[in-house]
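Note sheet for the following structure.
This is a predicted model, so every value here is computed, not measured.
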Amino acid sequence: MLAGLFDEDAALAEEGGGGGQGGQQGIPRPLPPRNRTKLCGLSNLGATCYMNALLQTLFYTPELRESLFSLSREELGIEGEAGMIRDIPVQLQHLFARMLLADQDTVGVEGLVSSFGWTNNEQMQQHDVQELNRILFDAIESSLVGTSGEQLIAQLYHGTSVQQVICGRCENVSEREEDFLDIPVALTGRGDLESALKEMFCDVEVLEGSNQYRCGTCNCLVDAKRAAKLRKLPPVLTFNLLRFLYDFEKGERYKDLSSFKFPRSLIMKPYLEAVRPGNPQKGGGEDEEFIYDLFSVVIHSGTTHSGHYVAFIRDIDRLGVWTQPEKEPVSLQKSLSADVLEYNSPLELLQAIIPQCGGKATINKLCKLLQDQTGVTWNKRFKQQYGPISKFIRQNSDVFSIDSTNTITLKSEAPPTSPKKDSEEAMQVLSSKECTPHKLEENEGEVSDKDVTPVKNDVPVSNGLWFEFNDSHVLSVNPSAIDKMFSGRQSAYMLFYRLRSLKRPNEAAGNPVYGVPQWLQDEVATTNAVLEADRQHYEKAVNTVNLSIHPSVYYVYASGALQNIMNDLIHVISFDRRQSVSQLQATIIQEISDFCTLPDTMCINVAKKLPAGLHVYECISNDENSSLIDIGISNNADLFVWNGTTVNDDAIPLGKDLEPILLHLNYPADSDGTLATISNGFPKSTTILELRQYFVELLNCSSPHDIHLNQVQRSTRSGDATIQTIPIHKDKNTLADLSLSDGDHLTAELKTKKGYKSFAYSVADKQNKMITFLIENRCVDSGVEDYPVYPVEVSKTEQLHQVKRHITSQLQLDNIEGGGCLCIEDDFEGLGPSLAEEQSVSEAGIESGMRVVLKPGLAPLRNQIPLKCAVPGGNFQEVIVDRSSTIKEVCSVMVAKVGLEGDEWHLRKCNWAGESAETVDDEAATVNELKFRSGEYFLIESGRLPPKGFLRLSVHLYTMDNRRTGEDVPLSVQDWFQGPTEGTGDEQMEVTVEESLIPLHEQIPSHYFPQVYGQLDFIGNIEINKECSVKDLKEQIMCLSELSLIDIPSSDFLRVRDLLNKRPGRVFKDKTHSLKRLKLVSGSSICCQVLPEEENLPATSILFNLYMRRLPSQSYSKPIEVVYDTAVSTTPIGLYSHISHILAMPLDRIVLAKHKFESFQWIRIEGHTLNGEDKEKKGKRKGRGGGATGVARASGKGGTHVNIKNAPISLRDGDHVAVKDLQFDPADEDDFLTPEDKKGKAILAAIQEEKRRRRKAKSEGDILSGDTSSRNKKQRRPEIGIKIHVPDFSASLSEKPS
């Protein structure tokens, strides 16, 4: 019922928040058009599923819909001098018109909810749909007083019943007439709707003995007969199934899950009283005058305290497009008897099983037979509700008899009729012969077979097909799905029948504009036009990129790279990346030909700004007809325009292999040993010998071998500079081989001089004490397109306030707003948090080469902390709060910062890209207690938090084809493992990593966390107490409506797992563990798997996916699930033995590796042989190295010192493990990598070097415009109960002049 409480805004942000590679950020995504059903869903405002189910039912009642449309604007007070506006019918008109004509898959109900006068967050409270039905009808009637629709509800839904008492002495009839809006039906002891109606309106109660009736005519107590009849039936007949009952012994409410059948068509004639003069209901004529067809079933799933409502509705006017549903009921055990499995009542089930034992059976034999027939024991299926089987049998002593030997027999030999057979038979309806007179006879209530009239159960197709309406989701359903709602946790709760004689005009069929006033048609048409324009604008915006054009005339080739000689002048153009390269060429000529001279033969190459200068990569001009999307050009890309051969007659290096590395070269400038430094870029393919040759002229020596080289490199661990001598035998190695990077220092001295390391030590000492970074001045005019950048060299121990004072003095900056503050700019996350100035440079995390921004604003004090906040889809803004502030106080500050109002908000942690994490649910905790980090990101989301102590979890259904466990290996495992493939191989068995392991996308970082092989479907949200066990969690998941078509005998057939980054992970193995112990937090995502058999995994087991390496195609087979118990062994030897046993392969023929998703690497699991030396020798073979090939090693001598649960293997639930057969790779040269792995590694390497130009988009105050008024909510108070506020229109009518 609480669907979409906290995730709707997050979903919108995910769908529309960034425009992908486009140049626009934070553009809200317009609502998508309708799905293939062409029908419209309703948005859930928090807990309004009950209202949505009822509104859909009213909408698909043509008589009500068209009657509302017939009300004029003058009557409703919209135009003229009609007085107050009748808001509820007006909003229903608007809502129904949009549901008919709006080109969107979901329509909002905010306007209707507002017309109810709800101001206390009522839409966040769960209510009963039957209660809303009565209250809403009363509100509509009150709103239509004095209009032509004043009798609308009465004419369509109101009926009349009569209670009659007939004196047995004078035969005087005393009656009491009652009006009804719906008919409540008790389910206890009644198996179907016809039986319940017969008992209510055909059976006669005899009042005698102590229960005699006092007759007013006879003036004494007499025997009498009492009965109820239906006097007048409405065109739309509503039944309320009373499933919620109260157990007086236990003192609690419970839901009746027993089976209660209802027909598709219902003859009401037997339940009407006889024809009398003046009776408005016909008593004779054709049966069709009394036949009602089912057209809506409102379904409740869950318990008495929580649940969810959906509706199955028949599309009478055929407004939608019905297609065969894709989801079919899942049968876990196909060999079971369908007749037995159809029973949901334990009474009927035992009545069907006992005759199979010869009419009698002991309790033990009966329990065994029940388990064999159904696959589930009595205790797991029925004990919780009905108690032990022996107690149940004794409680039903009218059906069963049990002797002293515990042998059970049926008192009636006739077994019950199969419920499946009942649903296929024609519906049997009582004739009116026995229930017609208002003077009752002795034999009333007895019906013979000859008085039964058959009616076809299936409604003709011409009368419409069925759809499921689940809030915003609309699906086609088979009519047979209704039969599954007779009983269980998900069962029918309200039934709506429509009189068959209400014929629809032919022009209404498939015509959504039928009956809709022209002014409403025009209004929706305008909305559709705006929506279509928004969609086109959105598509254009997300595909418009900013491209930096670098004409060759602005550059010279110097110092190993292209250098801009025009003060970094470039041209930025906006371009639609859906267009072709030839159109890009034309745009470049049009935009910049007036500013510079372009070559006659234009060649466009991808470029990148590196520390050494601009470097040029591949040419895209050859693909003139390809779009920029196809080529992979992203936002803020750099493009170099030249003649394709030279720049100022200089040939320039091209490609990734010739990328320049900026090195600082230190050497003695004179005999006194004065240190000189020059900076130059060298292609990373440059050899050490070529680098020595470069120093020959600088040092004035004859041979490069006389030069001693030292590399001064900063340690990645300690940050200190280290000295490493480069020996002569490495002269053939390249700069890339030695892992030299931009900014590294090299020192060169002649070997003949003593103390040749002194220069290296002095350079290292300087590097250790000083730090050089870039300062970007954003305190200048905001109209400046590129802010000026200056290099700054300071001591690591210098305080930040001293650094800021030095910078402002050098730049002559005065009167900076707020005094100014410093913050670090990251290539990916953009502008970091403001830095506290009462710390040193090293304490602030500033390192050499970083870009530090000076901007207006206040710097945080020592007791303060900067945090980032945003609404979903918006840009992040910074707030500074005290560390002692509570979360509630922080939330108020953030809400005010982004321009929102009210207190109906909560915070959710996220990353810099706005991807949601856990909800901050403890509003009383302080920032210090929760250990918030400086610059941590938060989303401001609408809605109150779940009650304290409860969790809100997002549940997904995980289905995995070709599932096989390692416990019982199927015979088809040899089909799974096949020999080497040539090229494509067996297409049916072969699955690439892009399909199963890591689907790569052009966007980063979306490929960091790829999905696994299989399918994840969102099935709903649940709220559950933290102290509940895993078993309780499974049982609540089974109540979700999306699992209604899956026959899950018990919670042991359900596997629940963590869902992290769209990958199933940890398995919740111990069903007694509490959710608090599992450290689940509100907002977490979990997934469930339906299993073919019960599962009880030990806590020491690991469940992972095993893939077979397919050679030489560099692909993998479909995975199988393997369970390995580490209680047997935690060493690689034990794991190898287990896999070897599963595959029936020799131990020395297999090699295992684990995939690391985040780095596109495969970790070899070594150490499975007893001879560790052999493994070390094998490790020297090609392809067994480390980072160069992307395959790391995790080994230990003999496999006895390595624990597969610890680093570096760290085998966990959900991991992907690959196995390779050395029979097809004798040299063990295959490295487990795929083309996608290699591509991913290349992208990761490029990311580390790329300098992103997103400062303008990330600047403070650059928030894209958007309407946030809908998020502004008034302060609300909690309110219990449901109420619709309607003004008194009768008073206004009495004041009008006649």
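Heavy atoms only, all atoms of each residue included: Ala844 and Ile824 are closest at O-CD1, 3.8 Å. Between Gly681 and Ala612, the closest heavy-atom pair is CA-CB, 4.0 Å. The shortest non-hydrogen separation linking Ile940 to Met894 is CD1-O, 3.5 Å. Across Ser552 and Trp642, no two heavy atoms sit closer than the pair CB-CB, 3.5 Å. When all heavy atoms of Pro33 and Asp103 are compared, the closest pair comes out as CB-OD1, 3.5 Å. Residues Val553 and Ile565 share a closest heavy-atom pair of O-CD1, 4.2 Å.
A donor-acceptor distance shorter than 3.5 angstrom exists from the side chain of Gln583 to the backbone of Ser580, with no hydrogens or angles considered. In this structure, Arg1063 contributes its side chain and Phe1157 its backbone to no donor-acceptor pair below 3.5 Å. Side-chain N or O atoms of Asp105 include none that pairs as donor or acceptor with a backbone N or O of Asn35 at under 3.5 Å. Checked by atom type and distance alone, the side chain of Asn605 never pairs as donor or acceptor with a backbone atom of Val641 at under 3.5 Å. In this structure, the side chain of Lys804 engages the main chain of Gly819 through a donor-acceptor pair within 3.5 Å.
Side chains of Glu618 and Leu654 form no contact here, defined as non-hydrogen atoms less than 4.5 Å apart. In this structure the side chain of Leu813 reaches within 4.5 angstrom of the side chain of Asn777, judged on heavy atoms. Here the side chains of Ile573 and Ile549 are in contact, with some heavy-atom distance below 4.5 Å. The side-chain heavy atoms of Phe938 and Phe876, taken from C-beta on, include no pair separated by under 4.5 Å. Counting heavy atoms from C-beta on, the side chains of Glu878 and Ser834 come closer than 4.5 Å. With a 4.5 Å cut-off on side-chain heavy atoms, Leu663 and Leu735 count as touching. The shortest distance between side-chain heavy atoms of Phe773 and Val803 falls below 4.5 Å. Side chains of Ser43 and Ser472 form no contact here, defined as non-hydrogen atoms less than 4.5 Å apart.
Taking CD1 of Ile846 as the reference point, atom CZ of Arg851 lies at 14.0 Å (rounded to 0.5 Å). The structure places CZ of Arg577 at 14.0 Å from CG of Leu584, a figure rounded to the nearest 0.5 Å. For the atom pair Thr1234 OG1 and Lys1239 NZ, the distance stands at 11.0 Å (nearest 0.5 Å). In this structure, CD on Glu847 lies 13.0 Å from OG1 on Thr772, to the nearest 0.5 angstrom. For the atom pair OG of Ser593 and NE2 of His571, the computed distance is 10.0 Å after rounding to the nearest 0.5 Å. Once rounded to the nearest 0.5 Å, the distance linking CG of Asp744 with CD1 of Ile661 reads 8.5 Å.
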Give the C-alpha distance, both sets of side-chain angles, the deciding distance and a yes or no for side-chain contact (heavy atoms from CB on, under 4.5 Å) between Ile604 and Gln585. CA-CA 8 Å; Ile604 304 175; Gln585 291 176 335; 3.6 Å; yes
Decide yes or no on side-chain contact (heavy atoms from CB on, under 4.5 Å) for Ile633 and Val606, but give the supporting numbers first. CA-CA 8 Å; Ile633 302 299; Val606 177; 3.9 Å; yes
Mind running side-chain hydrogen bond (donor to acceptor under 3.5 Å, both in side chains) on Tyr557 and Gln563 for me, showing each step along the way? CA-CA 6 Å; Tyr557 185 75; Gln563 310 297 333; over 6 Å; no
Taking it one step at a time, do Thr544 and Phe575 satisfy side-chain contact (heavy atoms from CB on, under 4.5 Å)? CA-CA 5 Å; Thr544 299; Phe575 189 75; over 6 Å; no
Could you go through the salt bridge (Lys or Arg N to Asp or Glu O under 4.0 Å) check for Arg778 and Glu825 one step at a time? CA-CA 12 Å; Arg778 294 193 184 179; Glu825 185 179 33; 3.3 Å; yes
Evaluation steps, side-chain contact (heavy atoms from CB on, under 4.5 Å), between Val841 and Leu800: CA-CA 6 Å; Val841 173; Leu800 283 186; 4.2 Å; yes
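In the model, His550 has a side-chain atom that pairs as donor or acceptor with a side-chain atom of Asp638 under 3.5 Å. Asn546 and Ser574 form a side-chain donor-acceptor contact under 3.5 Å, judged by distance and modelled atom types alone.
For Glu532, the salt bridge (charged side-chain N to carboxylate O under 4.0 Å, His left out) test picks out Arg535, with sequence neighbours left out. Looking at residues two or more places apart in sequence or on another chain, you find a side-chain contact (heavy atoms from CB on, under 4.5 Å) between Leu569 and Tyr554, Met566. Here Thr645 pairs with Asn643 under the side-chain contact (heavy atoms from CB on, under 4.5 Å) rule; sequence neighbours left out.
Electrostatic pairing of Lys909 and Glu936 counts as a salt bridge here, judged by a charged N lying under 4.0 Å from a carboxylate O. Ion pair Arg29/Glu539 not flagged as a salt bridge, since none of the NZ, NE, NH1 or NH2 atoms sits closer than 4.0 Å to an Asp/Glu carboxylate oxygen. Lys1238 has no carboxylate O lying under 4.0 Å from a charged side-chain N of Glu1236, or vice versa, which leaves the two without a salt bridge.
Ring geometry for His615 versus Tyr617: interplanar angle over 60°, hence perpendicular rather than tilted (30 to 60°).
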